[in-house]
Amino acid sequence: CAHKNLVAAGIASYVEIREGDALKTLNKINNSIDLVLIDGWGHLALEILKLLDPKIRQGGVVICDNVGTFKQELFPYVEFMQNANNGYHSTTLNLKAGTEFSVKVT
């Protein structure tokens with residue numbers, strides 16, 4: 001369970017886990033966001049990012065896992081994030097299945 005791992009790591013008070021349909025649960029965020037982890041449902045990655053983008057603070061980090069494993073499915077996401085005109089500096093890290101690491105700069 002993710003919550004148990006967060007408690008064991010001593011960071012549970014800094015993390016909010018939202019369960020359910022991401023397009024519904026994430027639509028109700030009112031606070032600024034420091035870190036986003038996108039892992040799973042690759043075909044929704046870009047849609048989720050665009051939903052959260054207005055809430056991600058400048059300097060906020062977005063991490064998307066498995067961009068090497070699901071290249072076709074995540075291509076639109078990676079292409080968007082690596083286009084500096086979209087407000088992010090982004091690179092694909094050579095970690096296991098490829099991880100896109102992005103920082104919001106504008």
Side-chain angles (χ1 to χ4, degrees):
C1 171
H3 183 71
K4 278 184 178 178
N5 292 333
L6 295 169
V7 170
I11 59 171
S13 64
Y14 300 103
V15 178
E16 180 179 348
I17 297 175
R18 293 181 176 231
E19 295 180 11
D21 181 335
L23 297 176
K24 292 178 183 174
T25 62
L26 298 177
N27 195 29
K28 298 173 184 170
I29 292 177
N30 294 322
N31 301 328
S32 66
I33 299 171
D34 297 316
L35 173 69
V36 175
L37 171 62
I38 299 174
D39 187 12
W41 303 103
H43 67 287
L44 295 175
L46 184 55
E47 189 173 356
I48 290 169
L49 180 275
K50 288 181 177 181
L51 175 71
L52 296 176
D53 179 69
K55 301 292 183 176
I56 300 170
R57 69 169 178 82
Q58 187 174 2
V61 173
V62 181
I63 299 169
C64 184
D65 201 17
N66 299 314
V67 298
T69 302
F70 303 105
K71 285 181 185 178
Q72 285 185 314
E73 197 171 49
L74 288 166
F75 177 79
Y77 173 87
V78 173
E79 183 177 52
F80 179 89
M81 294 305 273
Q82 290 188 358
N83 181 339
N85 293 326
N86 293 321
Y88 291 87
H89 282 204
S90 189
T91 190
T92 303
L93 302 176
N94 189 18
L95 299 174
K96 207 171 183 181
T99 301
E100 194 67 18
F101 184 88
S102 312
V103 177
K104 187 169 185 177
V105 294
T106 60

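When the side-chain contact (heavy atoms from CB on, under 4.5 Å) test is applied to Ala12, the partners found at least two apart in sequence or on another chain are His3, Leu6, Val7. For Phe75, the side-chain contact (heavy atoms from CB on, under 4.5 Å) test picks out Glu79, with sequence neighbours left out. The side chain to side chain donor-acceptor pair (under 3.5 Å) test applied to Gln82 returns Thr92, Glu100, not counting sequence neighbours. With sequence neighbours excluded, no residue satisfies side-chain contact (heavy atoms from CB on, under 4.5 Å) with Asn5.
Applying the under-4.5 Å side-chain rule to Ile, Leu, Val, Met, Phe, Trp and Tyr, the cluster around Val67 extends to Leu23, Leu26, Ile29, Ile33, Val36, Ile38, Trp41, Leu44, Leu46, Ile48, Leu49, Leu51, Leu52, Ile56, Val62, Phe70, Leu74, Tyr77, Val78, Phe80, Met81, Tyr88.
Closest approach of Gly87 to Thr106, counting heavy atoms only: CA-OG1, 3.2 Å. Here the shortest heavy-atom pairing between Ala2 and Ile17 reads CB-CD1, 3.9 Å.
Applying the side-chain hydrogen bond (donor to acceptor under 3.5 Å, both in side chains) test to every pair with at least one member in residues 19-38, sequence neighbours left out, gives these pairs: Asp34-Arg57.
Other residues, nucleotides and ligands contribute more than 12 heavy atoms inside 6.0 Å of the NZ atom of Lys55.
Connection of Tyr14 to Leu35 is not established within any shared hydrophobic cluster, with ILVMFWY side chains joined at heavy-atom distances below 4.5 Å, either directly or through further cluster members.
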Kindly determine whether Asp65 and Ile63 satisfy side chain to side chain contact (heavy atoms under 4.5 Å, CB included), including the steps that lead there. CA-CA 7 Å; Asp65 201 17; Ile63 299 169; 5.7 Å; no

